[in-house]
Number of protein chains: 2
Amino acid sequence: MRADKRKKLEAAGWAVGGASDFLGLTPEESAYIDMKISLGNALRERRKSQQISQVALAKRVKSSQSRIAKMEAGDPSVSIDALIKSLLALGASSTELSKAICSAGSEAA
Amino acid sequence: MRADKRKKLEAAGWAVGGASDFLGLTPEESAYIDMKISLGNALRERRKSQQISQVALAKRVKSSQSRIAKMEAGDPSVSIDALIKSLLALGASSTELSKAICSAGSEAA
DNA sequence: CGAAAGCATGCCATATATGACATACCATGA
DNA sequence: TCATGGTATGTCATATATGGCATGCTTTCG
């Protein structure tokens with residue numbers, strides 16, 4: 001239940017908009033991972049739109065550059081809590097968070 | 001930064017729909033806690049609507065009754081990850097999760 | 001060609017969340 | 001009355017996530 005996620009994530013570079021689990025993931029696992037990826041993307045976008053580096057963001061949220069990178073990458077070692085806290089720190093509204101999470105569920109429109 | 005949250009939560013029974021932080025919480029902390037409470041409520045509702053007990057849900061998500069209770073209570077010791085995983089296990093869609101999260105941001109309409 | 005800035009990835013010690021268990025509380029009904 | 005089922009709350013050992021750090025890889029700019 002650890003290797004699975006990693007595999008999914010490794011395949012994620014590919015899964016641009018996607019959710020599909022051709023790996024052995026339950027729908028819940030898949031949904032969970034998709035959410036992380038969505039939030040990670042949202043984080044990167046928000047950070048870039050504010051023109052700040054990972055290092056700067058790390059300082060802002062009292063974390064480290066490596067962790068920010070992992071967050072944006074949807075690394076299995078980062079929690080959704082971390083993603084959410086970082087997004088909030090960048091001024092994201094809960095509405096915005098909702099959008100990111102919801103967009104995780106959009107099956108290949 | 002630990003006692004604060006607990007305090008907020010203890011006061012939360014009162015904060016029915018609310019967010020306001022008359023305690024010393026930053027807006028982000030407040031938003032984060034509100035999300036947890038919202039998700040906790042969503043979890044309880046969904047569980048009740050499916051007529052299952054905390055014990056049953058615990059078994060389903062491979063956890064324990066106490067943890068479910070804490071989740072529904074928005075206890076500081078539970079992560080949003082746990083909440084989300086449990087909701088997903090109860091068949092909640094990402095859209096539904098979005099709604100719960102978003103409703104956390106609704107300032108005393 | 002360096003040097004510097006930005007990012008990715010691996011590792012590790014420590015902090016934090018988790019499951020499990022015990023216990024207590026409140027209903028309901030026998 | 002006392003069982004029984006459902007829930008709340010505390011504690012503890014262990015699992016997991018985190019911050020920090022080192023390192024390597026690209027670009028860009030001098």
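In what follows, chains carry the letters A, B, and so on, assigned in the order in which the sequence lines appear, proteins first and then strands, with residues in each chain numbered from 1.
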Between C1' on D:dT18 and CG on A:Asp75, what's the gap in Å once rounded to a whole number? 12 Å
Nearest-angstrom distance from the residue atom CZ of A:Arg60 to P of D:dG19: 16 Å
Between the opening five pairs and the closing five pairs of the helix from C:dC1-D:dG30 to C:dA30-D:dT1, how far apart are the helix axes, to 10°? 20°
Looking only at C:dC7, D:dT7, D:dA17, the nucleotide nearest the B:Arg44 side chain is D:dT7
Is there side-chain contact between B:Glu96 and B:Leu87, with heavy atoms separated by less than 4.5 Å? no
Rounded distance (Å) that lies between atom P of C:dT16 and atom CG of A:Asp81: 13 Å
A:Gln50 and A:Arg60, any side-chain heavy atoms less than 4.5 Å apart: yes
With a 4.0 Å cut-off on heavy atoms, is A:Ala58 in touch with a base, just the backbone sugar-phosphate, or nothing at all? nothing
Check: B:Ser53 and B:Leu57 side chains under 4.5 Å, non-hydrogen atoms: no
Reading 5' to 3' through nucleotides 19-30 of chain C, protein heavy-atom contacts under 4.0 Å coded B for base, S for sugar-phosphate only, - for none: BBB---------
Does a side-chain heavy-atom distance below 4.5 Å link B:Val61 with B:Leu90? no
Let me know the distance between CD1 of B:Ile68 and P of C:dA17, rounded to the nearest Å. 17 Å
Please state how far atom CZ in A:Arg47 lies from atom C1' in C:dG6, giving the value in whole angstrom units. 9 Å
For the pair made of CD in B:Gln51 and P in D:dT7, what is the distance, rounded to whole Å? 11 Å
Write down the atom of A:Ala100, the atom of A:Ser38, and the distance for their closest heavy-atom approach. O-CB, 3.2 Å
Within a strict 4.5 Å, meaning less than it, do heavy atoms of the A:Arg67 and A:Asp75 side chains meet? no
Is it true that A:Lys85 and B:Glu29 have a side-chain N and a carboxylate O under 4.0 angstrom from each other? no
Could you tell me the separation between the OH atom of B:Tyr32 and the P atom of C:dT16, rounded to a whole number of Å? 12 Å
Please report, rounded to the nearest Å, how far the P atom of D:dG5 is from the CD1 atom of B:Ile52. 17 Å
Decide yes or no for B:Ile101 and A:Thr95: does some side-chain heavy atom of the first lie under 4.5 Å from some side-chain heavy atom of the second? no
When you check the phosphate oxygens OP1 and OP2 of D:dA17, does a side-chain N or O of B:Ser79 lie under 4.0 Å from one of them? no
With a 4.0 Å cut-off, would you call B:Arg47 and B:Glu72 a salt bridge? yes
